Structures are given as C-alpha cells and as structure tokens.
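What follows is a set of notes on a single structure, which appears directly below.
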Protein chains: 2
Amino acid sequence: MEASGGAKRVTLAQVAERAGVSVMTASYTYNRPDRVSDQARSKVLAAADELGYAGPDPSARSLRRGSTRTLGVVMGEHLSYAFEDPEAVSFLAGVADVCTDHGCGMTIVPITGAADDVARIADAAVDGFIVWTTSDDDPVLAAVRATRRPAAVHGGPAVGGMGLVSIDNRAAARAIGAVAWAGAERPALVSFPLSRDRRAAITNGAALPGVTFPVTRERLEGYRQAAEAAGIPWQDVTIAVCARNDAAEAERVAATLLASAEPPDAIAAMSDQQASGVVRAARAAGRTVPDDVAITGWDDAAVAARLGLTTVAQSLRDQGASCALIALGRPAPRTPAWSLIRRTSTRP
Amino acid sequence: MEASGGAKRVTLAQVAERAGVSVMTASYTYNRPDRVSDQARSKVLAAADELGYAGPDPSARSLRRGSTRTLGVVMGEHLSYAFEDPEAVSFLAGVADVCTDHGCGMTIVPITGAADDVARIADAAVDGFIVWTTSDDDPVLAAVRATRRPAAVHGGPAVGGMGLVSIDNRAAARAIGAVAWAGAERPALVSFPLSRDRRAAITNGAALPGVTFPVTRERLEGYRQAAEAAGIPWQDVTIAVCARNDAAEAERVAATLLASAEPPDAIAAMSDQQASGVVRAARAAGRTVPDDVAITGWDDAAVAARLGLTTVAQSLRDQGASCALIALGRPAPRTPAWSLIRRTSTRP
DNA sequence: CTGTTAGCGCGTTCAC
DNA sequence: GTGAACGCGCTAACAG
C-alpha cells in the first residue's frame, strides 16, 4: 500500500489507465469480481494499490444507483436528547436492528430546533425518514414530507403521506388511569410537556391550554375518561406539567405536590422515568407506596420492574423496527400492542 | 403543493424548463437566493411546486461538492450493542453534540461481525470515521484506514494514520486496583472479554491467554501492577472473564465466586454496570460492602453514585466529542482525563 | 470476459 | 442578474 496518503483524490479512471484496462473492467473488479479475469483483476488491484485508490466513491455510487441505502432518523428538537431518554434509545436500537438486517446505514439528522432544521433535512442523503414523536406544528414534518421519500412518524402526529407507528395512547391511558386512581380522593398526574415551549406548570384538568404534542394530548384524554369513569371530575385532578421527561424534574414536582395542604394520594406519571422520581419523592416525604400514595408509570422500562411499578408495557424497540420498515418502503405493520402490567405500586 | 406524489424523479432541469429560466437560475434559487431576482425566484418555486420537485438531490450535491457533511460511526461487532451499553450511548451523545454544532449528519454504520462489514464501511458516504474501541485484529480497522478519510479510534487499538482518543487505562487501573485490593487477602477481578471470541472463564493472573482488546489488556496490566505493589502475586488474583459488559452476567459470576470455598474479599470490576451486578450478588449472599467485600467499578456512571461505588471517572461524552473533531479533520485534542472517585464501597 | 457510450443531478466555471 | 457548457466519479446497458 502506497504510504503517501495524500489528500488528492484518485479516480477509478486513473486506476484503469494505469492498469491498462478500461474503466469498466476496473469497476467490475470492485462490483462484480466474477466477471473479470484473475489477471485483469490483479492488474487493477495492483494499480489501485500503487495509486492509493480508496475504492469507488460512495456518493458517486449513490447518485448513479439512485439510492443511498441509508435511513434518516430525526429525533426531536435537540439531538442529544435522543441519547438521554432510555426509551428513545430503545427505539433507536429497533431502527438499528432493521438497518443491520437490510445492510443500510442509519443517519441521525442533526436537529437543533432552529430554522435551519428544514435545510438539514432537505440535505440528508437518505432513502427514507423516521421521525420521533413531535408536536403538530413541528416544521420538521413538512420538511420531511417535502422530500417525497417514504417516512414514518413514531407516536404522532399523523401526517398524510407518512406512516404512523403508535399504540392507542388514549385507550392505554384510560386503562392505567383507572388503576392508578381507583379509590383515590386526591388524584394527580405528572405529565409530559404540552407543547414546544415546554412550559412547566401545576394546574388541573379544567385549566389545560392547547396541547400540541399528540401523544400527550391523547394520553390526557384517556386519563380524563378514566377520571370521569371513576366519578372524579377532571378539574379535580391536579396536573403537574413537566418541561421534560426526566426523573429529577418529576421528583421535584412530586415533592412539591406531596408537601402541599392537600397532598395527592394517587399519582399517575407518563413514563417510568418520571414515576421513579415520584417514588423517590414519596419515600423522602415518608409516605408508603401504595398505601399513602399509589403511583403508576408508563413503558415498562427496567426501572419499573425494579421498583414494582404498575405501568403500561409497550416495545419501543419493535416500534423503531416498524418505523424503519416503513421508511424502507415496506408496507406498514399492524398497530403495535400495549398491555397493562400490575405490580405493587398501586392498590389491589 | 402538487398532490400526485409519484415515484418519478423530478430534476432541477425540468423545473428550470417549466419556469422558463436556465438551470443555473433554478439552482441559485435554492443555494444563493440573493443572486436571483424575485421574479425569477417565484417562477422557479411555482414550477417546482407544480412539478412536485423535492429540492436538490443530496447525493448529487455531495458528489459535486466533494464532501458529504456526515460522519460515520462504527460501534463494534454488533450494532445494537451500541444502544445497550449506557457508556456507549454517552459516547454517541458526545459525537452528536459536535455533529449538531457543525451541521453534519451522523451515520451509524451497520456492522454485524461478518465478512461484509468491510464492504459496508467502504460504501458509507461519510467524510470521516469514528471507531468505538475494538480488538487488535478487527478487520474494520483496515477497512476504515483504506478509505483514506480522517478517522479516530476510541479506546484502542492505536492504528497508524488514525487518531486515538483514550485515557491512560493502565495508570487508572493501577490507581483503582490499589484502592480495591488494599488489605485484601483474596482479591478478584471481574473483567471484560479478552478477545473477539468473548469466551467467559474463571481463571487467574498466571493463566491469562492472549488479550486482543487493548483496553482490557491495558487495564489488566494496571491491575497487575497494583496487585504486585500490594504484595499480591498476580497468580493469586482470581479473574472472572465475562463475555459482555453486562450487569446480569457480572452478578451471576460474582455469585459463583462468593459461593466458593475461598470467596473473594475484594472485587474490582471493569465497569459500573458490572460492579452493580457484583453489589447485588454480594447483598444476595448476605455480605456487607465494604467490610466483607470491597467493590470497585469504572466510569462513574449514574449507578455508581447511587450505590456509593468507588470508581474511575471519565467523560465518555467528551471523548465522543474529541473523536468527532478528529474525524472532521481538526487537530487531535489532548489526552482525556480520568480521576479516582472514592466512595463507600471500599475500605478507607 | 472486456470495451464503448451515455448519462445519474447538480454546481462551478466563464461568458453575456 | 442570467445562460451555456462541462465534468464531479461512477455504472447500466449494450456491443464485441
């Protein structure tokens, strides 16, 4: 191998010339080695070696072939958030599984929440897109749609022309809400943010402003139905809206609720991360779970089993895989399943 | 927007023709809007809209420009492993931080451990590579080097022509080994696998076969120095080699050790994940930490603080960022720092 | 088995 | 401010 690792680009044509063969013979040497005589192939490889040819240029190949063999993944307003949320990481693992099987790459598109997100999406060399759940008004959705490539949205919103992979959040919320608040006198809910401004607030069911995150909206509707079915007016449910899906924030807000004059005796959270924070706050406040406070989570993460959390089980990994299949142009798989897991954090 | 979302590809030339302008005017409309009259621009955009033009093709652009604005990341024999190891995820977050800042994408190259890994790397349309720590004999290294693109290896091995980002594992192992085994009579070590075959075994310092993972090798050397400095012959150290970096496996193997005739009274592990498994095994066996068994981890992950683990702190996130900078062609940052964190899992 | 032709879709020339 | 050529590096589709 030539040691002069220079910046100069060596082309297949140069290799062919040096080897004394046509460009196509050189190309075949890399792509269809069986169609080339041993003699020609070794001449080509020798020439490549001498010239320091790095192999066919992937961009040129993609252009010629008309496909990049890569899927794009858009993970929400700030990219590194994707790596901080364990459920998002599971989802990515599911995407990775399918990409590995199909030999395609997985490009994470660098999103910042700023105006140039649209350009970053338009400039991504990918065959299809996967969008992690976002708000109804996220410009990313239109940008992805404008590429006219196959795309799947996880969670929501549903967008014409793109696949949607999501459990029935409303039904699941109804089911776990019923368990969480059974027999409760002062029910509370720790919620994901309602919209992109991610404003935190402690409010109640009657005072909820517009909710633009569809997953959050559907869950709130389900919880409302659960409350009303249990004879609890929605406005009597205390709702702590968090800025992020985060154990520490949930712990702080739960501590506040538990220290109030009318502390909740049943707290439903929208994720196991949040619920784990709530459990810590409850313990710190000297309450027993579930007798003083019933607590529920969502996702059936590892922490849920550890803490004995009643939760909604769903496989983010499978959902990531489904999204990837859609982005590859496969037909959409059926609606993903969920189930209620009853453990010891709720009253029997 | 035209609704007939067909599969047919619309080119810039067609848009230009329909708009009654030259191709370059159409191109400028997308790339240098200031160099085009308002009138021409709106004609172009209208034509694009009518034709359903999706915008300039990213592959063609990359080819023309000579760069893809994307970094490739190679995460070890099996891709989804990357998403199961929390430290690997931190590392990816660091890469993502830099990619976001520089507006470049991040392509995870789908590796399976099979022979076609090399082809997958050669065919990745990226400007540079980042390789997660691997073995000396991993063919991926040669494949990355053959692309002649800037590349950084995290952890090791060191390869000519590629940057290396790694703490001094030997020194760190020496330091934490000294604390772990201080005053111990029956020291043990829970180790990462030694080579790509990932064979699990319980052995001792004298019976170690060839170690081809350089990070593991360097740590073993450091631990050996720590043992000998404490007057413990290396062959007296029980070494439990695990197949993977995994809490559950470490728990099983630690349980075995603790149930043996001569149970260890000090166990050093190579990660906090492993150490957390060891702590669970110790508790299950009715031992107190650190009195009956001293335990150390590595990484200073969240779980280390929770369990009070003495550990080696390092920032995988910063190291990911450093790798990304190198892959972008920036000069290599200085050697990353580590420090010893003493908590309550070791004897004072 | 090997060579020739003809672009893939775009953007950097350089003229006008 | 706009237009006409040319080629980025490669490979499908044909000959031969």
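Remember, predicted model here, so these are calculated numbers, not experimental data. Order of the sequence lines sets the chain letters (A, B, ...), proteins ahead of strands, with each chain counted from 1.
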Legend entry - Residue met sooner reading DNA chain D from 5', once B:T25 and B:A60 are mapped to nucleotides: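 Per heavy-atom nearest nucleotide, the more 5' residue is B:T25.
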Inset, instruction - Report the distance from atom CG of A:D57 to atom C1' of D:dC8, rounded to the nearest whole Å. - result: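 Spelled out: CG on A:D57 to C1' on D:dC8 is 9 Å.
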Legend entry - B:K43 NZ - D:dG1 P separation (whole Å):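 After rounding, the reported distance stands at 15 Å.
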Is [X] touching bases, backbone alone, or none of the nucleic acid, heavy atoms closer than 4.0 Å?
{"X": "B:V23", "result": "nothing"}
{"X": "A:Y53", "result": "sugar-phosphate"}
{"X": "A:R35", "result": "base"}
{"X": "B:L63", "result": "base"}

Legend entry - Phosphate contact (D:dA12 OP1 or OP2) by A:Y28 side-chain N/O below 4.0 Å: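 No.
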Legend entry - Heavy-atom check, side chain of B:L71 versus side chain of B:V126, under 4.5 Å: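 Heavy-atom side-chain distance check fails, nothing below 4.5 Å.
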Legend entry - Student check: side-chain heavy atoms of B:T11 and B:Q14 closer than 4.5 Å: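 Sidechains of B:Q14 and B:T11: in contact.
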Legend entry - Start and end of chain A contact along DNA chain C [non-hydrogen atoms, under 4.0 Å]: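 Nucleotide range with atoms under 4.0 Å of chain A: C:dC1 to C:dG9.
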Legend entry - Ring geometry between A:H154 and A:F91 (parallel below 30°, tilted from 30 to 60°, perpendicular above 60°):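 The rings of A:F91 and A:H154 sit tilted, inter-plane angle from 30° to 60°.
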Inset, instruction - Take atom CD of B:E84 as the centre, draw a 6.0 Å sphere, and report whether it contains more than 12 heavy atoms from other residues, nucleotides or ligands. - result: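 Yes, the 6.0 Å shell around CD holds more than 12 heavy atoms from other groups.
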Inset, instruction - Looking only at side-chain atoms of A:R61, point me to the closest of D:dG9, D:dT11, D:dG3. - result: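 Minimum distance to the A:R61 side chain belongs to D:dT11.
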Legend entry - Nucleotide of D:dG7, D:dC10, D:dG3 approaching A:R64 most closely (side-chain heavy atoms):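 Given the options D:dG7, D:dC10, D:dG3, the side chain of A:R64 is closest to D:dC10.
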Inset, instruction - List for me each residue that meets salt bridge (charged side-chain N to carboxylate O under 4.0 Å, His left out) alongside A:R35, sequence neighbours excluded, and say none if there are none. - result: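 A:R35 satisfies salt bridge (charged side-chain N to carboxylate O under 4.0 Å, His left out) with no residue once adjacent residues are dropped.
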